[in-house]
Amino acid sequence: MSRYNFKETEAKWQGIWEDRGVFTVTVDHDRPKYYVLEMFPYPSGRIHMGHVRNYTLGDVVARFKRAQGFNVLHPMGWDAFGLPAENAAIANNVHPAKWTRENIDTMRQQLKTMGLSYDWSRELATCDPSYYRHEQKMFLDFLRAGLVYRKESWVNWDPVENTVLANEQVIDGKGWRSGADVEKRQLPQWVFKITDFAEELLADLGSLDRWPDRVRLMQENWIGRSTGAFIEFDIAGRDDRLKVFTTRQDTIFGASFCAMSPNHPIAQSLSENDPALASFIDECNRMGTSEAAIETAEKKGFDTGLTCRHPFIGGKLLPLYVANFVLMDYGTGAIFGCPAHDQRDLDFARKYALDVVPVVCPADADEATFTIDDEAYVGDGAIINSDFLNGMEVEAAKAEAARRLAKNGDGEATITYRLRDWGVSRQRYWGCPIPVVHCATCGIVPVREADLPVQLPEDVTLGGAGNPLAAHPTWKSTACPSCGGDAERETDTFDTFVESSWYFARFCSPTADESLVREAVDYWLPVDQYIGGIEHAVLHLLYSRFFTRALKACGYLGIKEPFAGLQTQGMICHETYRDENGAWLLPAEITRDDAGAWSTVDGNRAVNVGRSEKMSKSKKNVVDPEHIIETYGADTARLFMLSDSPPDRDLDWTDSGVEGAWRYVNRLWRMVTQPGIAPAEVGTARPDKLSAQAADVERAIHKTIDAVNDDLERFHFNKAVARIRELSNVVEALRGGAPGDAWVMRCGLETVVQMIGPMMPHVAEELWHQLGHETLLVETPWPQANPAMLIEESVTIAVQVNGKLRGTVELPAGAAKDVAETAALAVPTVAAAIDGKAIRKVIVVPDRIVNVVL
RNA sequence: GCGGGCGUGGUGAAAUUGGUAAACACAAGGGACUUAAAAUCCCUCGGCCGUAAGGCCUUGUCGGUUCAAGUCCGACCGCCCGCACCA
């Protein structure tokens with residue numbers, strides 16, 4: 001028997017698809033379009049299993065939609081700027097451009113062995129000047145439109161390397177290479193005004209009905225709309241006022257202190273004459289800049305000795321602290337503390353022995369005796385101890401407090417957002433240069449559009465102190481576009497999130513001279529189905545939503561939302577292995593004997609098997625996709641990726657699971673090439689009479705088509721695989737049956753081959769050919785279910801007594817309630833369970849269940 | 001610390017709106033074929049009791065709502081993702 005030769009077959013069909021250009025698409029207004037996109041990869045070196053999963057998921061959608069008659073755009077490119085290229089450059093003395101280009105070549109070749117239905121003519125790399133020059137033009141348009149400004153922002157500063165560190169380069173507060181204590185430092189940065197769109201980005205989440213709820217919820221919380229009030233406190237003995245933001249102005253009578261961020265201007269100015277405060281601020285600035293670092297640090301305060309006047313209680317003075325947990329970037333960088341009704345304020349008050357005055361009394365408590373112990377009360381209730389607010393409910397009190405503050409000129413109701421503007425300046429080489437120049441006479445001047453792109457210099461020294469572009473001897477010297485005098489280029493480059501915020505639009509016209517061709521983007525956008533990791537739930541996806549709106553404001557395109565549908569994918573996990581010394585071992589380095597004991601392949605060392613974790617190089621629990629594809633073929637790898645877990649859940653990579661997928665590939669091959677009865681010829685008409693078994697199989701075919709369609713639309717790919725396998729089981733059982741069943745056999749085999757096509761395109765294409773078709777499977781329309789075949793004639797109904805299953809009964813579909821009840825009570829096991837007791841009631845859910853309640 | 005999610009047999013999982021828990025596979029065990037192995041085919045397979053018929057228990061833990069809970073509500077435990085300069 002001929003065994004399936006995946007190597008030959010996969011290469012053959014990849015060649016034919018490419019030669020015929022079946023995945024190359026153009027705008028075609030006569031056909032409905034469908035844009036499928038997977039998050040493009042960073043070219044880190046080689047593809048990993050996460051890529052294989054992501055692109056397999058996308059390919060299933062692309063091929064399914066193509067078979068359904070859509071004009072499918074399915075492109076691939078490279079998110080090619082980033083920090084790892086610079087690290088590799090320093091470690092291996094190779095230029096980031098060369099390293100990146102070589103990685104792209106390797107990964108492209110690897111992806112091509114997977115048989116993905118990409119239109120490779122649209123490939124792009126973001127590090128290419130022909131890509132980033134458009135980004136520079138967009139930036140200039142945003143600048144003109146007032147969507148960009150300069151702002152002093154905090155960065156992690158390594159005082160030894162004289163360089164800015166990314167959060168991931170800060171390990172326990174120290175620079176990853178120098179080991180020096182990292183400081184916070186302020187630098188002028190370019191910032192995108194994403195907050196201009198805060199309300200819109202929040203409101204329009206409601207229109208994204210094909211996004212996962214949890215992603216929308218995360219974005220909603222990230223934008224963090226809060227209604228509250230500004231309150232301005234007079235500071236005793238000073239002319240300026242302390243402006244705070246609060247969501248609980250109703251608790252103002254419970255205020256016992258005020259606190260400001262260490263970076264608040266008032267704190268900064270006080271520190272100039274107060275060495276103790278300066279040292280406290282220094283200590284705060286040794287924490288990282290990440291919110292997690294700030295929020296998990298021990299809460300500390302420094303009493304400035306200043307006091308704030310309470311706006312409604314004459315003579316009451318609140319001590320003013322500098323506190324490490326007050327964020328400069330949220331609200332006004334200052335708060336008032338009401339310990340009774342906020343847990344963090346309560347902890348702070350207990351630590352510094354401040355008053356705790358309850359001002360909201362829960363409905364079930366007595367106002368006279370209600371006290372706060374070690375838990376703040378954050379719920380609703382009636383206001384107490386609060387003068388003119390007494391007796392009001394919380395919401396009414398918020399409105400009244402805001403009204404009174406405004407009347408007295410001490411504040412006003414307001415709305416704030418947690419969302420901050422997007423700082424895009426990076427002090428790095430391997431990124432898109434920001435196209436402005438600094439002129440001593442004219443200030444900051446945009447580069448003329450005709451002079452774009454501002455290209456990165458090739459000759460650069462990496463690994464030295466500071467920003468490599470700033471250290472370059474000549475690159476930054478230029479003439480001012482405005483006055484023509486000597487000027488310096490901006491040496492910062494863009495955050496790499498900028499490139500990934502518009503690449504989906506560039507794919508519509510990837511080689512055009514124009515940044516975005518309106519006819520192309522108007523036809524293809526939005527992306528109908530976007531697929532990628534959940535880790536991008538907020539930043540990348542929110543930035544892209546902002547960028548699309550900014551592009552619309554500047555006339556580049558006409559849509560607001562870039563991604564109509566979103567599917568997030570889980571991670572690939574694998575067991576972990578360590579030797580007796582705790583050193584990590586690769587799966588390829590270990591083996592298991594017949595008794596089930598693990599050891600290293602050489603047999604010398606015992607192996608401890610750890611739980612399954614996300615595949616990572618550091619834990620060595622990785623399997624190289626290239627090895628799997630060489631051993632089993634792309635179809636097997638793809639099937640395994642799809643069959644074991646639903647796409648959004650983590651997937652455990654197991655050798656036995658891959659073996660199982662491989663066996664199914666071969667089983668399909670045998671079913672078609674060596675069936676027990678020969679399938680009918682292509683185009684044979686359905687016989688009038690079928691055997692009972694064949695008639696059942698025919699119904700199963702149509703039910704499976706119907707169910708698989710539904711599964712594919714809903715991303716239940718693992719269920720689709722299970723159903724197709726089930727169908728192949730019943731089709732295979734026709735072997736050796738009546739000769740008249742040949743037609744059903746063919747129908748079943750063709751249906752299985754067609755439906756498995758998006759998942760295992762090569763073997764499916766080959767089997768389609770083996771079944772005698774002259775046309776390509778990829779150009780064959782998706783099978784249709786015959787509605788008449790889907791109607792159930794009878795159903796099995798479960799019968800419960802007091803909620804416990806006691807039997808089942810077979811009834812015609814749609815049987816009336818009383819018919820079902822009578823039949824249920826007649827079931828012997830049910831009657832035995834009732835045992836002559838009185839029946840209180842009988843619940844009948846037609847076609848589902850009967851529950852007899854005693 | 002804050003925000004979001006997940007938890008079902010030995011394993012991956014399935015169970016449209018609350019309505020027969022464990023479909024489809026993997027692993028394991030037994031058998032057939034074979035000189036033998038691989039491959040393939042057949043059978044068993046959540047736990048306990050029982051020869052069987054059948055019974056009892058079971059969806060991380062505890063509690064609640066309901067005729068009925070894996071599914072809804074509350075509390076807790078464990079794991080994972082994100083937290084703005086990793087991509």
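Lettering of chains follows the sequences in order, A, B, ..., and the numbering in each one begins at 1.
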[N] [atom2] sits how many Å from [X] [atom1], rounded?
X	N	atom1	atom2	result
A:D329	B:C85	CG	C1'	14 Å
A:R420	B:C83	CZ	C1'	9 Å
A:D648	B:A13	CG	C1'	13 Å
A:D495	B:A87	CG	P	7 Å
A:M641	B:G12	CE	C1'	14 Å

Measure from the side chain of [X], starting at C-beta and using heavy atoms only, and say which of [options] lies closest.
X	options	result
A:I849	B:C41, B:U20, B:C80	B:U20
A:P84	B:A84, B:A23, B:A87	B:A87
A:R667	B:A84, B:G1, B:C41	B:C41
A:K614	B:C81, B:A87, B:U20	B:C81
A:N156	B:G4, B:C85, B:G12	B:C85
A:W222	B:A84, B:G4, B:A87	B:A84

Inter-nucleotide [atom1] distance ([N], [M]), Å rounded:
N	M	atom1	value
B:G47	B:U40	C1'	33 Å
B:A21	B:C26	P	26 Å
B:U61	B:G78	C1'	10 Å
B:G3	B:C76	P	13 Å
B:G18	B:A25	P	30 Å
B:C45	B:A39	P	24 Å
B:A38	B:C57	P	44 Å
B:G7	B:G70	P	14 Å

Between [X] and [N], does any side-chain N or O lie under 4.0 Å from OP1 or OP2?
X	N	answer
A:R663	B:A27	yes
A:R649	B:A14	yes
A:N167	B:A84	yes
A:N718	B:A14	yes
A:R725	B:C24	no
A:R806	B:G55	yes
A:S645	B:A13	yes
A:K841	B:A68	no
A:N87	B:C86	no
A:K719	B:A15	yes
A:S643	B:A25	no

When you check the side-chain N and O atoms of [X] and [Y], is any donor under 3.5 Å from an acceptor?
X	Y	value
A:T576	A:N621	no
A:E38	A:N54	no
A:T493	A:Y132	no
A:S794	A:E810	yes

Kindly say whether the aromatic ring centers of [X] and [Y] come within a distance under 6.0 Å.
X	Y	answer
A:F6	A:W662	yes
A:F325	A:F348	yes
A:F640	A:W653	yes

Would you classify [X] as touching base, sugar-phosphate or nothing, given that sugar-phosphate means primed atoms plus P, OP1 and OP2, and contacts are heavy atoms under 4.0 Å?
X	value
A:M39	nothing
A:N666	nothing
A:T796	base
A:Y664	nothing
A:V155	base
A:T296	base
A:H540	nothing
A:N851	base
A:P646	sugar-phosphate
A:A537	nothing
A:E726	sugar-phosphate
A:Q169	nothing
A:T654	nothing
A:K299	nothing

Partner of [N] by Watson-Crick or G-U wobble geometry, both contacts under 3.5 Å, or none?
N	result
B:U40	B:A32
B:A53	none
B:A23	none
B:U65	none
B:G70	none
B:C2	B:G82
B:G9	none

**Asked** So, is the end of the A:R725 side chain (NZ or CZ) under 6.0 Å from the ring centre of A:Y664 and within 45° of the ring's axis?
**Response** yes

**Asked** Do the numbers put A:R150 on top of the ring of A:W190, so that NZ or CZ is under 6.0 Å from the six-membered ring centre and no more than 45° off the axis?
**Response** yes

**Request:** Could you say whether A:R344 or A:H536 is positioned toward the 5' end of RNA chain B, judged by the nucleotide with the nearest heavy atom to each?
**Result:** A:R344

**Request:** For A:T808 and for A:R214, find the nucleotide of RNA chain B with the closest heavy atom, then tell me which residue's nucleotide is more 5'.
**Result:** A:R214

**Message:** Applying the side chain to side chain contact (heavy atoms under 4.5 Å, CB included) criterion to A:I797, which one of A:V844, A:V809, A:V827 satisfies it?
**Reply:** A:V809

**Message:** Using a distance-only criterion (donor-acceptor N/O pair, under 3.5 Å, no hydrogens), is the base of B:C85 paired with the side chain of A:Q189?
**Reply:** yes

**Message:** Can you tell me whether the base of B:G64 sits syn or anti, using the 90° cut around 0 to define syn?
**Reply:** anti

